[in-house]
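Remember, it's a predicted structure, so these values are computed and weren't measured experimentally. Counting starts at 1 for both ligands and their atoms, in listed order.
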Amino acid sequence: MSIPGTYVGDFAPYWHPVAYSHELTNRPLPARLLETDLVLWRTSAGVAATHRRCAHRGADLAAGEVTPEGVRCGFHGWTYGVDGRCVRVPSQPAAPISPKACIPAFKATERYGLIWVCLSPTPKAPLPEWPELEDGSVATVPLPRLDWDVSAGRLVEIILDVAHLGWVHRGTFGNPEVQEVPPYDVERLPEGGLRTRIVYPALAPSLEGAPPKVDRTTLTYDVTLPFAARLSFKPTLFYVHTVYAVASPISEDKMVGFYFSSYHPRLRNHFPELFVKSELAILEQDRRVLEGVRPKAHPVDFSSELHTRADRLPIEYRRALIALRTGQPVDGPAPE
Ligand code: FES
Ligand SMILES: [Fe+2]
């Protein structure tokens with residue numbers, strides 16, 4: 001499973017979200033990460049993640065039950081603890097349990113309203129640091145999962161893509177009158193992350209059929225490798241909000257996106273509904289473009305595509321991701 005130099009092996013030692021917290025109730029929940037089928041469940045100490053198939057006859061543990069001892073298979077009642085070891089075989093309760101009666105277990109934790117799993121026992125990096133989500137100053141609202149037929153790297157790249165706004169997002173917030181991208185800087189953060197700030201003349205919807213207003217919106221992009229992006233929108237006419245997007249790789253060609261926004265709690269009667277509606281319209285524009293892009297896999301070099309100065313942030317992201325995979329710094333085509 002974790003062969004270095006393969007897609008799965010390269011990204012196995014990182015934390016990835018596999019579910020929203022609210023999806024994990026008192027039932028086992030199936031999940032899939034990096035070509036691995038998982039079952040998640042809640043314990044008195046937190047959350048657990050193991051392989052989804054029972055070691056006895058391969059039954060689906062996600063169809064079983066959660067007990068104080070662990071997850072119990074619905075076929076013959078074998079029960080597995082958080083370490084994946086079988087602790088109960090009801091058909092022969094007095095016999096010792098074979099050490100072979102175990103399934104792979106993985107590190108799992110819960111933070112920012114997400115369940116995160118690392119398929120390696122030694123994660124190479126911590127979770128993203130988003131302290132503003134934990135100090136009580138903001139509320140959050142999640143979107144339904146983005147179950148898109150695209151790779152994780154390509155989703156992050158389109159979020160970081162400044163030049164597509166006036167094209168892909170016509171009719172939502174993109175400004176078709178402004179296509180030129182002024183030069184901007186990208187700051188490389190010590191842990192390999194990236195940060196950029198630009199001012200974008202977004203179109204803010206206006207009421208009663210009047211033409212939309214141009215609102216010079218400050219966009220602050222903040223990337224945590226491998227697949228997490230925080231994007232803050234600071235308009236002049238409207239309130240600030242920050243979106244958090246994390247692409248969870250199912251395989252090299254497929255991801256599920258977890259996407260939520262923070263907002264000031266005083267806006268609770270308006271913001272969540274507005275956000276979900278408008279953001280789903282914006283993301284649908286991205287999905288239509290991105291699912292048509294080939295190859296689906298996120299390229300691991302720069303030679304098969306063309307690059308401009310406006311692509312600086314996606315280029316820097318791709319450089320950082322290649323460096324993360326290979327352990328070597330990589331040159332990019334962008335002017336420094
Ligand atoms: S298949 Fe799970 S207990 Fe038999
Ligand atoms: Fe977009």
Side-chain angles (χ1 to χ4, degrees), residues 28 30 37-39 41 50-67 69-81 84-93 95 97-98 100-105 143 146 148 150-176 178-179 181 196 198 200-203 217 219-221 223 227 229-233 241-247 255 257 259 261 275 278-293 298 310-311 313-314 317:
D37 282 321
L38 305 171
V39 60
W41 77 94
T50 62
H51 253 214
R52 185 171 167 183
R53 297 287 153 196
C54 180
H56 179 217
R57 288 288 184 271
D60 184 358
L61 293 171
E65 281 179 298
V66 180
T67 75
E69 289 180 307
V71 65
R72 183 167 66 200
C73 182
F75 202 167
H76 314 93
W78 289 28
T79 303
Y80 300 88
R85 273 194 293 200
C86 182
V87 293
R88 189 165 295 278
V89 176
S91 60
Q92 43 180 35
I97 297 174
S98 162
K100 286 195 199 151
C102 68
I103 51 177
L143 289 186
L146 306 176
W148 294 5
V150 305
S151 56
R154 292 237 192 237
L155 177 79
V156 178
E157 272 197 16
I158 202 170
I159 290 169
L160 307 180
D161 189 309
V162 180
H164 87 298
L165 299 177
W167 290 98
V168 173
H169 296 304
R170 291 175 181 208
T172 55
F173 75 109
N175 187 338
V178 181
Q179 290 153 16
V181 176
T196 293
I198 64 164
Y200 181 68
L203 292 189
T217 302
L219 304 180
T220 306
Y221 298 83
V223 180
F227 299 124
R230 171 171 61 179
L231 173 51
S232 173
F233 292 79
H241 73 281
T242 302
V243 300
Y244 301 78
V246 195
M255 67 98 214
Y259 199 103
S261 180
F275 169 75
S278 70
E279 207 66 25
L280 285 177
I282 291 167
L283 286 164
E284 177 60 13
Q285 295 174 317
D286 288 319
R287 186 194 63 78
R288 272 191 243 129
V289 170
L290 218 46
E291 287 193 336
V293 168
H298 190 221
D311 302 321
L313 182 55
Y317 169 65

Participant: Between the Fe ion (ligand 2) and Asp286, which N, O or S atom of the residue is the nearest one?
Facilitator: OD1
Participant: If you measure from CZ on Phe75 to CZ on Arg57, what distance do you get to the nearest 0.5 Å?
Facilitator: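 Phe75 CZ to Arg57 CZ: 7.5 Å, rounded to 0.5 Å.
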Participant: Give a yes-or-no answer on whether the side chains of Tyr317 and Glu157 include a donor-acceptor pair shorter than 3.5 Å.
Facilitator: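 Side chains of Tyr317 and Glu157: no pair found under 3.5 Å.
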Participant: What atoms of ligand 1 come closer than 4.0 angstrom to any heavy atom of Trp78?
Facilitator: 3 (S)
Participant: Among the N, O or S atoms of His169, which one sits nearest to the Fe ion (ligand 2)?
Facilitator: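 Sorting the N, O and S atoms of His169 by distance to the Fe ion (ligand 2) puts NE2 first.
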Participant: Suppose we measure from atom 4 (Fe) of ligand 1 to each protein heavy atom; which comes out shortest, and what is that distance?
Facilitator: His76 ND1, 2.0 Å
Participant: Of His169, His164, Arg170, which meets side-chain hydrogen bond (donor to acceptor under 3.5 Å, both in side chains) against Gln285?
Facilitator: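 That would be His169; it is the only one of His169, His164, Arg170 passing the side-chain hydrogen bond (donor to acceptor under 3.5 Å, both in side chains) with Gln285.
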Participant: If you count the atoms of ligand 1 from 1 in the order shown, which ones are under 4.0 Å from a heavy atom of Cys73?
Facilitator: 1 (S), 2 (Fe), 3 (S)
Participant: Which distance, rounded to the nearest 0.5 Å, do you find between the OH of Tyr80 and the CD1 of Ile103?
Facilitator: 5.5 Å
Participant: Give a yes/no answer: is there an N/O/S atom of Cys54 under 2.8 Å from atom 4 (Fe) of ligand 1?
Facilitator: no
Participant: Starting at OG1 of Thr172, measure out to CD of Glu279 and round the result to the nearest 0.5 Å.
Facilitator: 9.0 Å
Participant: So does His56 have any N/O/S atom less than 2.8 Å away from atom 2 (Fe) of ligand 1?
Facilitator: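 Checking His56: none of its N, O or S atoms is under 2.8 Å.
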Participant: Please report the interatomic distance CG(Asp37) to CZ(Arg53), rounded to the nearest 0.5 Å.
Facilitator: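 So the CG of Asp37 and the CZ of Arg53 are separated by 6.5 Å.
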